[in-house]
2 protein chains.
Amino acid sequence: MPELKTKKEQIYEAAARSFRDKGFAATSMRDLAREVGLTASSLYNHIASKEEILQEICFRNARRYLEELDAVEKMTGNSIEKVQALLHLHIRLATEDVTSITAFNDEWRHLSEPYLSDFKQLRRDYENRFKTILREGMAAGELKPLDESIALYTLLSSIRWLYDWYRPGRSMRTEVLERDLVDMLMRGLTLNPARSD
Amino acid sequence: MPELKTKKEQIYEAAARSFRDKGFAATSMRDLAREVGLTASSLYNHIASKEEILQEICFRNARRYLEELDAVEKMTGNSIEKVQALLHLHIRLATEDVTSITAFNDEWRHLSEPYLSDFKQLRRDYENRFKTILREGMAAGELKPLDESIALYTLLSSIRWLYDWYRPGRSMRTEVLERDLVDMLMRGLTLNPARSD
DNA sequence: CCTACCGATCGGTAGG
DNA sequence: CCTACCGATCGGTAGG
């Protein structure tokens, strides 16, 4: 008799929303319990601690981003197409899944050791592999020769406004958003103006 | 017998650093007191409450950004030059002053009413006036016709990585950083590739 | 500027 | 899954 969403999943989702809206530290277990229809103490039949929720959200998403990066690395195509694919990935995850944002943005800071160091390592791996794609593109003359770090962090953070601005069903269509945003970023990166379609 | 920095200023600066590093909610008055060499209760001889510190930081910086925007609006020059000037302003404030970041990014969320609404109104004013500059540039054929909101938020958030990455005196020179970053962003925005120098 | 202390709330547990 | 409760810590105050 499986339910569509387990209570555990409901707790993770409510937590992710609250972490995004108020931050990890300002989210109390009592508020969280109320949102899923339990008392605070009953939460602990589903999860071990407040931080375990954060750990699960952070590492689940880290794995997800790394898997998608695997796929992009194996893609046939030049660096421009690979960078474009990664931008689409980030935009899609940011608009579709609140948990990804919590992991990628600020809340991972509240992990305790050794999880904090582990997460930072995964993040560094991701960044280095993304930078490699940028570097190869610059070497091949496909991308403008910029400082790799500046280019990478600017791309990644330029998408961050989506998480507190974009809400599904609002005025803007996701396809328009994705096209304009990727187009704008790719133009800043490529040697000659290139449309993304 | 005036000191170089009043205790009040020292408290604001330590608080801004802690708000940036750990967030408003995870910053305790006892930690903050230790950093400025006082007991927690002695802080209250200088400030009225924890939130008053946040209010002061947020509104001081809102005023500052709005004043600089005034100056840019009065500038002679086309829209491209005005947008460039605003990007330089944001980069400079992000790299020079930690308090500006706290205000502009997430921590203003922790303001209580009516301060929260007041702050959001100032922010909305700033964004609308920035959008007007973008709109005029697009109408004049100087900027690529994009959705104004996408363009604005992408520009503003693309700079956000500076606050947890950039530290003065690190490998990269501020001038190189500023040149590459503004160049990359302006290329994404202008009809024809334009160098910023 | 400090000591002593407040009520409230926190994450989490015992026991059923 | 709940009631009852814990020790710790929170922002802040009284009084000197």
Side-chain angles (χ1 to χ4, degrees), chain A residues 1-58 102 106-116, chain B residues 1-58 102 106-116:
Chain A
M1 214 88 80
E3 288 177 17
L4 288 181
K5 275 181 189 167
T6 64
K7 208 75 180 176
K8 196 167 182 172
E9 272 310 313
Q10 289 176 43
I11 293 169
Y12 285 148
E13 285 180 22
R17 262 193 305 277
S18 185
F19 293 169
R20 177 195 63 187
D21 294 337
K22 305 194 288 185
F24 177 78
T27 296
S28 83
M29 297 305 271
R30 283 156 177 85
D31 291 345
L32 187 53
R34 203 181 315 111
E35 266 180 73
V36 294
L38 294 176
T39 60
S41 58
S42 297
L43 288 176
Y44 293 89
N45 290 302
H46 304 281
I47 53 109
S49 67
K50 184 183 178 186
E51 201 194 306
E52 194 214 48
I53 302 174
L54 184 62
Q55 289 162 14
E56 176 68 21
I57 290 174
C58 287
T102 292
D106 296 306
E107 303 311 321
W108 58 265
R109 287 167 191 266
H110 294 103
L111 290 168
S112 64
E113 295 294 355
Y115 304 98
L116 181 60
Chain B
M1 211 88 82
E3 289 177 15
L4 290 180
K5 276 180 190 170
T6 64
K7 208 74 181 176
K8 195 167 182 172
E9 272 310 313
Q10 290 175 44
I11 293 170
Y12 285 148
E13 285 180 20
R17 262 194 306 278
S18 185
F19 293 169
R20 178 196 61 188
D21 294 338
K22 305 194 286 182
F24 177 78
T27 296
S28 82
M29 297 305 273
R30 282 154 177 85
D31 291 346
L32 188 52
R34 202 183 315 112
E35 266 180 74
V36 294
L38 294 176
T39 60
S41 57
S42 297
L43 287 175
Y44 293 89
N45 290 302
H46 303 280
I47 51 109
S49 67
K50 185 183 176 184
E51 201 194 305
E52 192 213 48
I53 301 175
L54 183 62
Q55 287 162 15
E56 176 68 23
I57 291 174
C58 288
T102 291
D106 296 306
E107 303 311 321
W108 58 265
R109 287 168 190 267
H110 294 103
L111 290 169
S112 64
E113 296 293 356
Y115 303 100
L116 181 59

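Numbers restart at 1 for each chain; the letters A, B, ... are given by sequence-line order, proteins then strands. Please read these numbers as outputs of a predicted model, since none were measured by experiment.
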Do [X] and [Y] have side chains that approach each other closer than 4.5 Å (heavy atoms only, starting at C-beta)?
X: Leu54(A); Y: Tyr115(A); value: no
X: Gln10(A); Y: Leu38(A); value: no
X: Lys22(A); Y: Asp31(A); value: yes
X: Lys7(A); Y: Asn45(A); value: no
X: Glu13(B); Y: Lys5(B); value: yes
X: Arg109(B); Y: Phe24(B); value: no

Quiz prompt | Strand-adjacent residues in residues 21-47 of chain A, judged by heavy atoms under 4.0 Å from DNA chain C | solution = Thr27(A), Ser28(A), Met29(A), Arg30(A), Ser41(A), Tyr44(A)

Quiz item: Please walk me through it: do Glu51(B) and Ser112(B) pass side chain to side chain donor-acceptor pair (under 3.5 Å)?
Solution: CA-CA 8 Å; Glu51(B) 201 194 305; Ser112(B) 64; 2.8 Å; yes

Quiz prompt | Spacing of Glu51(B) atom CD relative to dG12(D) atom P, expressed in whole Å | solution = 9 Å

Quiz item: What is the distance from NZ of Lys7(A) to C1' of dC2(D), rounded to the nearest Å?
Solution: 14 Å

Exercise. Would you sort out whether Leu116(A) and Trp108(A) count as a side chain to side chain contact (heavy atoms under 4.5 Å, CB included), showing the intermediate values?
Key: CA-CA 7 Å; Leu116(A) 181 60; Trp108(A) 58 265; 3.9 Å; yes

Quiz item: DNA chain C: stems of at least 3 consecutive Watson-Crick or G-U pairs, cut-off 3.5 Å?
Solution: C:1-16 with D:1-16

